[in-house]
Enquirer: 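Below: one structure in structure tokens.
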Amino acid sequence: GGEPIVLCEGCGGPATWSPDGSEIIFGDRTGSLWRVPAAGGEPAILKRPETGELGFSRPAYLPDGRAVLVEIRSRSEPASSYAIGLLDLETLEVHTLIRPGTNPVFAKSGHLVFARGDALYAVAFDPGRREMSGQPTLVLEGVSESIGNAQSSFSDTGTLAFVERSEPSLTAENLALVWVDRQGTPIPLSERRDAFWRPRLSPDGTRVAVGVAGRIEIYDIETETWQLLSASGWSHSPVWTPDGERIVFGERSGPLWFDRTYSIAADFSGPAEQLFDHRYPTCPRSFSPAGQLVLQEAHPAEQENILLMSAGGDRPLEYLVRGDSDEGE
């Protein structure tokens, strides 16, 4: 009951309470882990990803409060290859326990429970020795899952709550780029399958820019080749400029996973450039016929608003739609 309490501004992501209730450890979208007092306060960095790693997610405390289970994600691997590790809170060393696996949690029955796709598995685990024994056993199938995120949770008394899968789950391996004809028939554009997000066709219809697990890649339809355009931070939501010479995209970076808007040459001739500074996160959505860039703003009090940037970028951003409702997309 009562009003919600703000624990820390700009914090978000999967979290876990310490056994004594004194603090919360949470992950952000950069793959870092943070800790914050349960009563609220300034978050402190706990563990950053190592070079080449996408990072850590979904921490889950062990009963002694001295270690947490974590999901280890790699930028170069699909969700089906994520690993489960153990982070020692004293040494901050991470030890891999099992692969593949996501959504780790310790059940009081003495088991490490984790997900593989839309199925949950359990394996005997000694939290004192921090060791597993035996082989994982299938517990449940048909859990709703999307790109490594199984919709399930355990209570302290051992009750399992989960969302039942109602349709084929989305995984990083089964998303495809397709044409759809006037009759609604999908026609594969490429044989490749990956974690594609927000594809955009170039103005001349010869190339596709698409987000792929934090990268922007360009697919040349005629030559059937892929090229990496941007991979700094977490790049997403590409939009072609009307002349097709540049691509504007969003990039999430920093400890609070802040969205900023960048522009980069579509011919791979130069680095990305930030277009402007704005108080709140923004990402591009489209260009108007007059050449204005249409942006989505994530406002902490007003949800999503829609902004316009002038064609030459020579005027301040202006609101096209602003209100208490969510006007995103």
Enquirer: Taking atom CG of Leu87 and atom CG of Leu69, what is their separation to the nearest 0.5 Å?
Expert: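 One gets 10.0 Å once the value is rounded to the nearest 0.5 Å.
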
Enquirer: Which distance, rounded to the nearest 0.5 Å, do you find between the CG of Asp194 and the CG of Leu177?
Expert: 9.5 Å

Enquirer: Strictly below 4.0 Å, N to O, side chains only: are Arg192 and Glu217 in salt-bridge contact?
Expert: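 Judged by the 4.0 Å cut-off on N to carboxylate O distance, Arg192 and Glu217 do form a salt bridge.
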
Enquirer: Do the side chains of Trp34 and Leu46 get nearer than 4.5 Å, heavy atoms only?
Expert: no

Enquirer: Side chains of Val113 and Val105, heavy atoms from C-beta outward: is any pair under 4.5 Å?
Expert: yes

Enquirer: How far apart are the closest heavy atoms of Gly270 and Ala265, and which atoms are they?
Expert: N-CB, 4.4 Å

Enquirer: Taking ring pair (Phe, Tyr, Trp, His ring centres under 6.0 Å) as the test, write out the residues that go with His111, two or more places apart.
Expert: none

Enquirer: With distance as the sole criterion, is a donor-acceptor pair present between the side chains of Tyr219 and Gln227 under 3.5 Å?
Expert: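 Checked: Tyr219/Gln227 side chains show no N/O donor-acceptor pair below 3.5 Å.
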
Enquirer: When you compare the side chain of Ser230 with that of Phe249, does any pair of heavy atoms fall below 4.5 Å?
Expert: yes

Enquirer: Is the shortest side-chain heavy-atom distance between Val210 and Ile216 below 4.5 Å?
Expert: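 Val210 does not reach Ile216 side chain to side chain.
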
Enquirer: Whether the side chain of Asp220 engages the backbone of Arg207 through a donor-acceptor N/O pair (distance < 3.5 Å, no angle test) should be reported.
Expert: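 No: the side chain of Asp220 does not pair with the backbone of Arg207.
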
Enquirer: With rounding to the nearest 0.5 angstrom, report the OG1 to CG distance, Thr282 to Asp277.
Expert: 9.5 Å

Enquirer: Scan side-chain atoms only and decide if His95 and Asp88 contain a donor-acceptor pair under the 3.5 Å cut-off.
Expert: no

Enquirer: Can you check whether Glu297 reaches Glu304 side chain to side chain, under 4.5 Å on heavy atoms?
Expert: no

Enquirer: Backbone N or O of Pro100 within a donor-acceptor pair of the Arg116 side chain at under 3.5 Å?
Expert: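 Between the backbone of Pro100 and the side chain of Arg116 there is a qualifying donor-acceptor contact (under 3.5 Å).
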
Enquirer: Would a 4.5 Å heavy-atom cut-off, applied to side chains only, mark Val70 and Leu86 as touching?
Expert: no

Enquirer: Applying side-chain contact (heavy atoms from CB on, under 4.5 Å) to Leu112 and Val123, what does each step give before you reach the verdict?
Expert: CA-CA 5 Å; Leu112 167 60; Val123 61; 3.9 Å; yes

Enquirer: Is the backbone N or O of Ser32 less than 3.5 Å from a side-chain atom of Asp28, with the two atoms forming a donor-acceptor pair by type?
Expert: yes

Enquirer: Is there a donor-acceptor pair under 3.5 Å between the side chain of Ser152 and the backbone N or O of Phe162?
Expert: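 No; judged by distance alone, with no hydrogens or angles, the pair does not exist.
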
Enquirer: Go through it in stages, so that I can follow the logic: the residues are Leu295 and Leu308, the test is side-chain contact (heavy atoms from CB on, under 4.5 Å), and I'd like the CA-CA distance, side-chain angles, deciding distance and then a yes or no.
Expert: CA-CA 6 Å; Leu295 301 136; Leu308 284 180; over 6 Å; no

Enquirer: So do Leu307 and Leu320 actually touch side chain to side chain, heavy atoms under 4.5 Å?
Expert: no

Enquirer: Answer yes or no: does atom CD1 of Ile5 have more than 12 heavy-atom neighbours from other residues, nucleotides or ligands under 6.0 Å?
Expert: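 At most 12 heavy atoms, drawn from other residues, nucleotides or ligands, come within 6.0 Å of this atom.
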
Enquirer: Do Ile84 and Val68 land in one hydrophobic cluster if side-chain heavy atoms of ILVMFWY residues count as linked below 4.5 Å?
Expert: no

Enquirer: Under 3.5 Å, is there a donor-acceptor pair linking the side chains of His236 and Glu251?
Expert: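 No, no side-chain donor-acceptor pair sits under 3.5 Å.
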
Enquirer: Scan for salt bridge (Lys or Arg N to Asp or Glu O under 4.0 Å) pairs involving residues 308-321, sequence neighbours excluded, and state none if there are none.
Expert: none

Enquirer: Do Ile264 and Phe276 share a hydrophobic cluster, counting only Ile, Leu, Val, Met, Phe, Trp and Tyr and linking them when any side-chain heavy atoms are less than 4.5 Å apart?
Expert: no

Enquirer: Please check if the side chain of Trp179 supplies one atom and the backbone of Pro186 the other of a donor-acceptor pair under 3.5 Å.
Expert: no

Enquirer: Within a reach of under 6.0 Å around CD of Gln274, are more than 12 heavy atoms found that belong to other residues, nucleotides or ligands?
Expert: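 Counting other residues, nucleotides and ligands, CD of Gln274 exceeds 12 neighbours.
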
Enquirer: Step by step, work out the side-chain contact (heavy atoms from CB on, under 4.5 Å) result for Tyr61 and Trp17.
Expert: CA-CA 7 Å; Tyr61 261 105; Trp17 289 80; 5.8 Å; no

Enquirer: So that I can tick it off, tell me whether Arg35 and Glu23 are bridged by a salt bridge, with the cut-off set at under 4.0 angstrom between side-chain N and carboxylate O.
Expert: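 Answer for the salt bridge query: yes.
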
Enquirer: Check the hydrophobic clustering (I, L, V, M, F, W, Y; side-chain heavy atoms under 4.5 Å; chains of links allowed) and say if Tyr121 and Val143 are grouped together.
Expert: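 No, it is not one cluster - the side chains of Tyr121 and Val143 are not joined through contacts under 4.5 Å.
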
Enquirer: Any donor and acceptor pair, going by atom type alone, linking the side chain of Gln183 with main-chain N or O of Thr185 inside 3.5 Å?
Expert: no

Enquirer: With rounding to the nearest 0.5 angstrom, report the CZ to CD1 distance, Phe56 to Ile25.
Expert: 12.5 Å

Enquirer: Begin from the C-alpha positions of Val212 and Leu228 and carry the test side-chain contact (heavy atoms from CB on, under 4.5 Å) through to its verdict.
Expert: CA-CA 10 Å; Val212 189; Leu228 177 65; over 6 Å; no

Enquirer: If hydrophobic clusters are built from ILVMFWY residues whose side chains come within less than 4.5 Å, do Val180 and Phe196 share one?
Expert: no

Enquirer: Is it true that Arg246 and Ser263 share a donor-acceptor pair across their side chains at a distance under 3.5 Å?
Expert: yes

Enquirer: Decide yes or no for Arg73 and Arg58: does some side-chain heavy atom of the first lie under 4.5 Å from some side-chain heavy atom of the second?
Expert: yes

